[in-house]
2 protein chains.
Amino acid sequence: MSKDEPETTDSAGAPEARAGRRPTIYDIAQRVGLNPSTVSRALNKPGRTNAATEEKIRAAAAELGYRANPMARALPTGFSGTYAIVLPDITNPVHFELIRGAEQVARANGFTLIISETEGSAEIERETIETLQPSVDGLLVVASRLDDAELAALATVKPIVGANHSTPSLPSVAPDLPMGLVAALDHLDDLGHRSVAYLGLGGAQINRSRWDLTLDLADARGIAVVEIAVDAPTVEGGADALRRVRASGVTAVLAYNDLVAHGLLRAARSAGLSLPEAFSVIGFDDIFSAELAVPALTTLRSPLREIGTRAMETLIDPEHNRAPSKVVLPLELIVRESTAAPTR
Amino acid sequence: MSKDEPETTDSAGAPEARAGRRPTIYDIAQRVGLNPSTVSRALNKPGRTNAATEEKIRAAAAELGYRANPMARALPTGFSGTYAIVLPDITNPVHFELIRGAEQVARANGFTLIISETEGSAEIERETIETLQPSVDGLLVVASRLDDAELAALATVKPIVGANHSTPSLPSVAPDLPMGLVAALDHLDDLGHRSVAYLGLGGAQINRSRWDLTLDLADARGIAVVEIAVDAPTVEGGADALRRVRASGVTAVLAYNDLVAHGLLRAARSAGLSLPEAFSVIGFDDIFSAELAVPALTTLRSPLREIGTRAMETLIDPEHNRAPSKVVLPLELIVRESTAAPTR
DNA sequence: CTGTTAGCGCGTTCAT
DNA sequence: ATGAACGCGCTAACAG
């Protein structure tokens, strides 16, 4: 367009807002009669260029509606300005608040968030991480199914922070399991329960530590405890477990999460059982529907939102990545109506 | 292991899996003694290269653990293999099934999904879309706060598909509102309700059409109807509306969504009201907790998952983008316990 | 303070 | 069938 006179410039000032193609630094450089690199500098390193021309450049950029192309920027710099969060199951309400916390911190810092689901499969998780790595500046891995060594190997390429579960060789943000379980067991102990079941999810790494801990704590209080495995950490999984719970003869149940607890509640109600008289139930997470249930769910409230924000903060912050930081957040017992003294 | 070539190369065959840097087509080109462009061709246009060398290249790529850099690929092609979904509120359970549907289709087709929240603000939405545009091949906009004209203008840069709400000049996938509302009003009419309230969200585009439709349908049945605005489409918003609902004297309420309905239920219970005797409630969406509530929620079930999959499919499919397609999915009334004949 | 020159990793003409 | 050269949009040396 500008077959320009050195001095005049604007003459044939046609509004070149063509549909589709977006303006580049070349367009604005040509418009103000400067070099593209100068434009780049003016836009990115404020102060390192003449105040007057910087203003001219900014004005032109604004007029043209210029927006930097993150992809093009990522090539030379190696930084894409995007982070990824990879988790087993998007529909699990537990992840809602966590994702939101992470997204909020990312956006507040001008970063974009990629979200990816692994369906609880270790292979998909590995594949996903490797595929995403070149496009992101770091990954937030929630409830990973990969073992520590593999995670550590993957983290040599791009920083990885574990969220909602502890990762020995990587920075992580997780709830204080001992604190929560102690509160739960004490509560049950105080009510007089002598026999409880832990409704766990076989296979998940995070499940093992919970079960081991529960075993120790119950033992220390002289409470008998059995593990009952659910097929999936869902409402259906919990409902399917009712039969085994009743067969076990326990007076109280610790559920893997609130979804499982919900399922158990629903199945019990369908079977004509009255809770908490038939047995007590303690959930995990305190998802928004926990207090909506009948009976309202006694549960361990996990600070999911904060787990998300803290995890994203340590991912973004280069400092925290150096020394594998371990952030542990309080896990609080919320007592509602699903727990009571045993009737037998 | 090719330490084969007498003349060139490998001698100091050190395993170059250096931590950090990922192999490029140059690495594999050099490894097999070919030109990078040949490698590119072999990997992307199967058949357009010698079968033998193609195999050699593939083998080398596998050994090195090569993965194409999406960013670098996006520059020359203009396609990033990434799509974005932008929505007002991540924590709304409604959006999760939708996101999951979209994510599933995206991943099944080898695409990555970016997720971004707008907090229900039109400005943030515009800003978000413009920022994301250069990095994506298209956008899925859920419950947009932008008007049709602006959306259409934005869509000239990169394809946009509307989800869960109708967008006149853009392709969209949305539930069949008339179908659902007719069922809801008929249900209420049959039960004998003569006066209902619509608990709507002021400001949202999608809200207007619902209200207008409700007005028409109620009118046609000789049912009096009032609109009560909630501050936010959340449990809290619904709870706060209880006072106005009672003041209005209606015998039934149509809630903007299940969250609002949940809030109303909870507030009513706290106030010692018995539902559905005091008044009937119909929700919208049928989120998983709807049947957990007490009384279990009668609600309009929205095919959220399918909205997500269909929307992503039309976004991906270049055909559907040409002629602004309108996909309308059935909205079914699920009758549970929160509706009954009026007691006054 | 600004212009020149080189790439980042890849796809895509062109030649060969 | 393969190689050489160029460009995508931008940043980063290095000159001037």
Side-chain angles (χ1 to χ4, degrees), chain A residues 6 20-58 60-61 64-82 131 133-137 157-158, chain B residues 8 18 20-58 60-61 64-82 131-137 157-158:
Chain A
R21 190 177 157 284
R22 309 217 331 179
T24 73
I25 54 173
Y26 286 83
D27 297 320
I28 121 160
Q30 164 174 328
R31 201 169 199 277
V32 298
L34 286 173
N35 192 285
S37 69
T38 306
V39 173
S40 174
R41 229 173 303 141
L43 260 26
N44 299 307
K45 329 264 192 194
R48 299 220 330 179
T49 177
N50 185 306
T53 63
E54 176 174 336
E55 190 40 50
K56 253 175 54 173
I57 289 177
R58 288 199 129 60
L64 291 179
Y66 168 81
R67 330 273 304 193
N69 182 332
M71 303 271 172
R73 183 180 308 205
L75 229 34
T77 63
F79 293 99
S80 62
T82 79
T131 302
Q133 269 171 340
S135 319
V136 304
D137 298 343
V157 182
K158 289 286 170 66
Chain B
T8 10
R18 187 170 34 169
R21 190 174 157 284
R22 308 214 338 175
T24 74
I25 52 173
Y26 285 84
D27 296 321
I28 121 159
Q30 163 177 329
R31 202 171 199 278
V32 297
L34 285 173
N35 191 284
S37 68
T38 306
V39 174
S40 173
R41 227 174 303 137
L43 260 24
N44 299 308
K45 328 266 192 197
R48 301 221 329 181
T49 178
N50 185 308
T53 63
E54 175 174 335
E55 191 42 49
K56 253 176 51 172
I57 289 177
R58 288 201 127 61
L64 291 179
Y66 169 80
R67 331 272 305 193
N69 183 331
M71 303 272 173
R73 188 185 307 220
L75 229 32
T77 63
F79 293 99
S80 62
T82 300
T131 302
L132 255 27
Q133 270 172 340
S135 320
V136 303
D137 298 343
V157 181
K158 290 287 171 64

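Residue numbering restarts at 1 for every chain, and letters A, B, ... go by the order of the sequence lines.
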Mind checking if [X] touches a base, just sugar-phosphate, or nothing, with heavy atoms under 4.0 Å?
X	value
N35(A)	base
A74(A)	nothing
S37(A)	base

R41(B) side, atom CZ; N35(B) side, atom CG - distance, nearest 0.5 Å:
8.0 Å
Toward the 5' end of DNA chain D, by each residue's nearest nucleotide, L75(B) or R48(B):
R48(B)
Can you tell me if the side-chain N/O atoms of [X] get under 4.0 Å from OP1 or OP2 in [N]?
X	N	value
R73(A)	dG9(D)	no
S40(B)	dG9(C)	no
T77(B)	dG11(C)	no
N69(B)	dC8(C)	no
N44(A)	dC10(D)	no
K45(A)	dT11(D)	no
Y66(B)	dC10(C)	yes
T53(A)	dT2(C)	yes

Considering only dG9(C), dA1(D), dG3(C), which nucleotide approaches the side chain of L34(A) most closely?
dG3(C)
Starting at atom [atom1] of [X], determine the distance to atom [atom2] of [N], rounded to an integer number of angstrom.
X	N	atom1	atom2	result
R41(B)	dA1(D)	CZ	C1'	8 Å
R67(A)	dG9(D)	CZ	P	17 Å
E54(B)	dT2(D)	CD	C1'	14 Å
I25(A)	dG3(C)	CD1	C1'	13 Å
Q133(B)	dG9(D)	CD	C1'	17 Å
F79(A)	dC8(C)	CZ	P	17 Å

Can you find a pair of side-chain heavy atoms, one from [X] and one from [Y], that are under 4.5 Å apart?
X	Y	result
R22(B)	N69(B)	no
Y26(A)	V39(A)	no
T53(B)	V32(B)	no

In short, P36(B) meets I25(B) closest at the heavy-atom pair O-CD1, 3.9 Å
Can you tell me how far P in dT2(C) sits from the matching atom in dG9(D), rounded to whole Å?
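My reading of the P atoms in dT2(C) and dG9(D) gives 25 Å.
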Between P76(A) and N50(A), who's closer to the 5' end of DNA chain C by nearest nucleotide?
N50(A)
R58(B) side chain vs A42(B) backbone, donor-acceptor pair below 3.5 Å:
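Checked: pair present.
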Should the side chain of Y26(A) and the base of dC10(D) be counted as holding a donor-acceptor pair, with the cut-off at 3.5 Å?
yes
